[in-house]
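Every value quoted in this text rests on a predicted model; they were computed, and no experiment measured them. Convention: sequence-line order gives letters A, B, ...; per-chain numbering from 1.
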Amino acid sequence: MSTANLEEFRQEIRTWIDENLPSELRVGTRKDLPKKLLSQWNKALISRGLVAPEWDTEYGGGGLDRKQAGIVKEELNAVRAPKLRTFGVAMLGPTLLEFGTEEQKREFLPQIARNEVTWCQGYSEPGAGSDLASLQTRAVREGDEYIVTGQKIWTTGADKADWIFCLVRTEPDAPKHEGISFLLFPMKQEGVKVSPLNLIDGSADFSQVFFDGARAKASHLVGPLNGGWTIAKRLLQHERTQDGGSEGGITGAMKDTIFDLVKREVGLDARGTLQDPTIRERLAQQELEQLGLRLTMRRAGEEMRASQTGRDIASLGKYRWANMVKDEQDIAMMAMGAQGLGWSGDGFGADQLERTRAWLTTRADSIWGGTNEVQLNVIAKRVLKIPE
Amino acid sequence: MSTANLEEFRQEIRTWIDENLPSELRVGTRKDLPKKLLSQWNKALISRGLVAPEWDTEYGGGGLDRKQAGIVKEELNAVRAPKLRTFGVAMLGPTLLEFGTEEQKREFLPQIARNEVTWCQGYSEPGAGSDLASLQTRAVREGDEYIVTGQKIWTTGADKADWIFCLVRTEPDAPKHEGISFLLFPMKQEGVKVSPLNLIDGSADFSQVFFDGARAKASHLVGPLNGGWTIAKRLLQHERTQDGGSEGGITGAMKDTIFDLVKREVGLDARGTLQDPTIRERLAQQELEQLGLRLTMRRAGEEMRASQTGRDIASLGKYRWANMVKDEQDIAMMAMGAQGLGWSGDGFGADQLERTRAWLTTRADSIWGGTNEVQLNVIAKRVLKIPE
Amino acid sequence: MGLILTEDQLILRDMAKSFFDEKSPVERMRELRDSRDAVGFSRDLWKEMGELGWIGILFPESVGGAEMGYGELGVVLGECGRVLAPEPFMSTVLLGGNAILLGGNEPLQKELLPDVCSGNRILTLAFQEKGRFDPYAIETKASRDGDHYTITGRKSFVLDGHVADQIVVAARTAGSSGERDGLSLFIVDAGAPGLTIHRDNLVDGRNGSHLELENVAVDGARVLGTVDAGADVLDAVFDRATVGLCAEMVGSFEEAFERTLEYLKTREQFGVKIGTFQALRHRIANLFAEMEFTRSIVRDAQTAIDEGRNDIAEATSAAKARCSEVAPLIAGEAVQMHGGIGMTDEEEIGLFFKRLKAAELSLGDAIFHRNRFAHLRGY
Amino acid sequence: MGLILTEDQLILRDMAKSFFDEKSPVERMRELRDSRDAVGFSRDLWKEMGELGWIGILFPESVGGAEMGYGELGVVLGECGRVLAPEPFMSTVLLGGNAILLGGNEPLQKELLPDVCSGNRILTLAFQEKGRFDPYAIETKASRDGDHYTITGRKSFVLDGHVADQIVVAARTAGSSGERDGLSLFIVDAGAPGLTIHRDNLVDGRNGSHLELENVAVDGARVLGTVDAGADVLDAVFDRATVGLCAEMVGSFEEAFERTLEYLKTREQFGVKIGTFQALRHRIANLFAEMEFTRSIVRDAQTAIDEGRNDIAEATSAAKARCSEVAPLIAGEAVQMHGGIGMTDEEEIGLFFKRLKAAELSLGDAIFHRNRFAHLRGY
């Protein structure tokens, strides 16, 4: 598409957003957005084909090219539209497009693009955290079905999900990376039990999932039998890129930025300087880190487009991003002092209570999606190529 | 000895110091002390038996018990007497007392206690730094002699030393820890060449030493043949304890403390507060670290005397001490700014030039006497007992 | 007093350890939290501690105390810290009790302290009004009215305020917020007209509250210390309470450390124990060093008080600066090294993580105490 | 201009790399240092760089320059940094040259800049009077005397002052030390009566000097910018010189990083390559992240100047704050990972260590620039 046409497309999208996105939703991704408006907006996105803008229209996508899809993203970000990306769109979709059969694509992609079916991800197990490949959940072939037995943990939204994409062991005697398959099956069946996990931040978005004879169609195995590890890794790359690239993460969802918060809690002196020089310095370092991450991710994008050889920095982004968001909440806690120590009670402001929870929530960022330790291992081995 | 007698002894020592230590030397250990006065003081120490106060008098020592020796140390420290400890007194002496034959003790200890013979230490080799036991210098028996061939590095004072205590490989086919012996031989002989090493701080106190058929008497092998590794480790413990325990290290030798320096270079405001809050905070952290190290070493001493079980903290002390003295000089550099960037020229004060060299010198503290990495390995394995 | 426990203190420690292990595993604290217990700690257990003489360690024998020192109290608080016991040492002994001990005349001490020592009276101190600790940032006003004072204002972060029998309230009788001069301390009964107490639940499961005071009348005889010079008492109370808090923190982070160490020795990933990974080994070895240094400095601060040294303020700020720096370091690494399981409420390491953050920020964080330390050290 | 090198810049980089690899290995810098060379850099090599057009990158075509930007100059400075070339870019181009470019009128530019571009004129800027960088802490006085000014004072840390043909001197025509107002800039000839130049040797082997000025007379036509408002020029010069310095620093610490990475891959201890130790792997992986982030921020600052953005000061301070924080981190780890051999003067890593410290502290350290950044960002 020519530059002129792209500019026209941008205007088109801008107009469409103006007409369809209510101003109440132009506040970023937040948990307390009005459900009714969200549902309207969701419908609008579906009918414009913007849930999965880059997928072919035959699979329910928007049929846009990469530049157009980029414009959609930019315009939505510019007005702080809430992000409605699901596991289906962000992770399973790209995986099916790359590894799925034509039948699988036709069966699952349109449902995803219409937000009709909710997916969850069956990866981690109690004994297989960082060492994902040591997973033990078994799937045994019986006629044209697989019978699944085992246990998953850290499954986001398992209590609400209709289907799961799940790593299972189909060949117990093979080396651990070579006996894994990638299997899809419904969650609402006998043989699947979900038990929510309470976390330190008081949330229960994650669950443990127990499989006791759960059934999957053999035709819902994605990619080659025992070839699931390659698919699993590819899918994790999508996850990694998302984390590192997202600007602000949990912060984007907060009412005020860390800078607003600190100024309010700590106060400025007559010259407009933060009262506490140590917190001021920590804040400057936080901002410099945000700047470094943002620019580096942008640079990586430019390198890719220019086909310049740069070192792959996805792991690097995830690692630094995790530390950055944790540090941000540490600063917030420092700035709030005792007012940051509330769990409930009207002695604390809603925004203060929210920050305290965020401080706890973000502890997970250096653990999930590959721990910091795993990312550093990857950088040393794959990026810096230091032999082990 | 009773408490009353100890108090009497303390008075005695105090009087003796008053009479023998000129006031010009009461400034701590410094390089620029007047040679003549030092030599007088050295003679006084020798005749009072205080070069090696705890050794038996038959070996030229002071014959004092541990408490008395402690009093001597305290009184000398109290008046900032320069430390004249040599490799002979601090390292070889205790080793010979523990592992030497009666003949070896009689031959070498009195010379050391009279400061007549200077020793150097032949441990590290170019290919054997942290992994000391992989040393390659060979000693082969020929009649009642050993013939030594190989190369040592980081040998302090090798150019001035009369003798060397040296780790040599006497059994090349044994496992690496089991073929090492501990050998003494003279430096002033054909077959020994010394080549000074220039360091980044401009000093050349260390040397490389080359052995090409150097000769040692077989009777000067200390401990069992091929049993030198145990002795080597024991000697390193003496070294470690010294480092961790020494208060201030290189700093003790400087004209002013880091606190004086920073106050002068950065300046105080009207309320007596350092002008730069970041440097102020770094300084407070430095002082807290000094406090933590000092108190922890004292606590370890108390635990030992009370026979309370505590974890062994020699490695811990060495590790933190190294970081602490490096950090101290980093702070000094920060405080001096451009005035800390001199190498020579009258644009810089003598004290500034001295600090800059000290900043360079202290980089070695986390490398020599066991790198930081080695200390952390030791803490994890030996102290915290985490299986490897 | 040295840097190690005396024989008597070792015996006390073993007693306290057995007591808490048996009667107060960490699980008890969780149950109190989850059941939204109306008191938030166990009154029975508190009385038992009273009978054992632990509540009264600091107080004179004449009021039923043991007249010992922070060395001994620190031993008990350290064991509290190991099991996260929420009993009201901070509110009743270290803050409220110390205010009466250091600022109260004999009649007040005789009236109030015996029941404190037996565990039958809960006290607290209401001082804080804004988030970050700032001992003189007090706006609550007390004005003289004949032989009474009338207090009006708001207080936050009043520990155990919802069950306190008496609340020591710091209010301003002169000057303005931020000034050291012009503060006074008043003993206010929980039921005093004009006083409203709102309970707050804290992130560490402990019991906070905030107060509204509207023309609360206090008899002039119930002033602690000298009118307008309440900061003299307050400073001394804060130093002592801080040293007590440090002892508890050491107990908590040593326990978090030991549990993490044990986890490294048992948890397997990639077919090996995770404790074999050198990066983790180095990190925990460094944490160990941090911990040992901090323990020494805290012990020295206890000694400073018990021996009446003239550097109590310095030693206190050194201790809290280090504790508040090391606590988040150890607690953060404890969660990180536990991995995903460390994020669950079920795994107890998270409870240590939260408690240590609350303690880190209470009575001055690392920034506050490093500043104060530097100031006292003349730079 | 994006965050990556353009095609033209890539070609320039390859040219510069070949040039320095061939004509200026690190060894050359050591030889200049050890021979106590009277100039301290190579005048011939400098003229060659002039012929290649590199000295004049920033300057207008009308005076013999290439009229390009900091993107291009940064490429050349980065390659200088890789081999520690001591040629006078900082003194002659970034400080002195920029002062004349940004503050000089056309006659002054035509008189002085052509010889600068060809490598035949050395300039420098004399501003600093105390140790820590503080751009307005200037006491040197200049007083008007008819159509002349008379300057008296002392200057330190004047780079390449011993061979400069002209020295731009910052002096106070009004106000007092620390004030932004009241500064003026004067072009002083090296041979001016009353000016004494003392050479100092710096820790990184570069060439410093300090000046004594005693009633040095300067013609009023040789003032740069506006009298009393010299800080307007000075600020702009410092921002640009700082961004240039950052480009050089990136080159130096990338080289130190790559050499250390290579050492980890080849050096053996305990029978294995030391790069197999996980603790070292994690540390160098983190250094790599620091380096990449810094590189992006420095490139962005170059773009800010070249595109005339309105956040040049902010972008500059962001870049130097990061460079000055990352440089000692990488340099320190480089020496530590090299072990004992890293302490020897023979191993070149120590030369990088020293140069990076000098650059870290020049034109404002991390503290200075974080402060300035925070101030510009409104907190």
Side-chain angles (χ1 to χ4, degrees), chain B residues 258-260 262-263 266-268 271-275 277 279-285 287-306 308 310-311 313 315-321 323-324 372-373 375-388, chain C residues 1-7 10 257-258 260-262 264-266 272-301 303 314-315 317-322 325-326 366-367 369-379:
Chain B
I258 182 69
F259 305 97
D260 299 333
V262 172
K263 283 184 207 172
V266 178
L268 303 174
R271 292 184 308 163
T273 303
L274 259 187
Q275 302 270 15
I279 297 183
R280 180 167 180 258
E281 186 153 17
R282 281 282 293 271
L283 202 60
Q285 258 159 336
E287 191 166 10
L288 289 170
E289 185 71 7
Q290 291 181 2
L291 183 66
L293 179 61
R294 198 164 61 234
L295 291 171
T296 302
M297 287 297 151
R298 209 166 84 198
R299 177 157 67 84
E302 291 181 20
E303 277 169 0
M304 212 170 62
R305 282 193 290 280
Q308 285 187 14
R311 282 163 166 152
I313 53 168
S315 295
L316 182 158
K318 162 67 172 70
Y319 159 64
R320 297 290 287 216
W321 171 82
N323 287 349
M324 186 181 87
N372 273 4
E373 290 76 16
Q375 308 300 349
L376 289 170
N377 286 344
V378 170
I379 297 171
K381 182 175 175 182
R382 305 264 164 76
V383 185
L384 301 178
K385 308 209 184 304
I386 314 176
E388 276 178 316
Chain C
M1 190 168 132
L3 289 160
I4 55 172
L5 296 186
T6 62
E7 286 300 320
L10 284 171
F257 177 89
E258 296 297 340
T260 305
L261 181 58
E262 188 55 30
L264 292 187
K265 291 178 182 175
T266 49
V272 294
K273 300 277 191 288
I274 60 174
T276 60
F277 294 121
Q278 195 198 31
L280 298 187
R281 299 172 78 85
H282 279 198
R283 277 156 52 189
I284 201 163
N286 181 55
L287 289 184
F288 175 64
E290 296 280 357
M291 196 170 79
E292 289 294 304
F293 279 30
T294 307
R295 191 142 71 96
S296 307
I297 293 178
V298 170
R299 177 75 182 178
D300 183 57
T303 312
E314 240 172 84
S317 278
K320 188 59 164 55
R322 285 291 303 172
E325 193 165 320
V326 169
I367 298 174
H369 283 287
R370 270 198 305 261
N371 261 324
R372 185 166 176 252
F373 179 77
H375 175 72
L376 291 165
R377 297 290 297 165
Y379 53 85

Under 4.5 Å from a heavy atom of chain B, the part of [X] involved:
| X | result |
| --- | --- |
| C:Leu280 | neither |
| C:Ile284 | both |
| C:Glu258 | side chain |
| C:Tyr379 | both |
| C:Ala366 | neither |

C:Thr276 versus B:Pro387, closest heavy-atom pair with distance: CG2-O, 3.8 Å
Least distance between heavy atoms, C:Glu292 atom then B:Thr296 atom: O-OG1, 3.6 Å
Which one, [options], leads in non-hydrogen pairs under 4.5 Å with chain B?
| options | value |
| --- | --- |
| C:Ile367, C:Thr294, C:Leu264, C:Asp300 | C:Asp300 |
| C:Arg283, C:Lys273, C:Arg377 | C:Arg377 |
| C:Val272, C:Asn286, C:Leu10 | C:Asn286 |
| C:His375, C:Glu7, C:Arg370 | C:Arg370 |

Under 3.5 Å: donor-acceptor pair, side chain of B:Arg298, backbone of C:Ser296: no
Donor-acceptor under 3.5 Å (B:Arg280 side chain, C:Asn371 main chain): yes
Chain C contact via B:Asn377 - which portion, at a heavy-atom distance below 4.5 Å: both
Structural part of B:Val383 lying under 4.5 Å from a heavy atom of chain C: side chain
Interatomic spacing from CG in B:Leu295 to CZ in C:Arg299 - rounded to 0.5 Å: 12.0 Å
Top contributor to chain C interface from B:Leu384, B:Thr273, B:Val262 [non-hydrogen pairs under 4.5 Å]: B:Leu384
C:Gln278 and B:Glu373, any side-chain heavy atoms less than 4.5 Å apart: no
Heavy-atom check, side chain of C:Phe293 versus side chain of B:Leu316, under 4.5 Å: yes
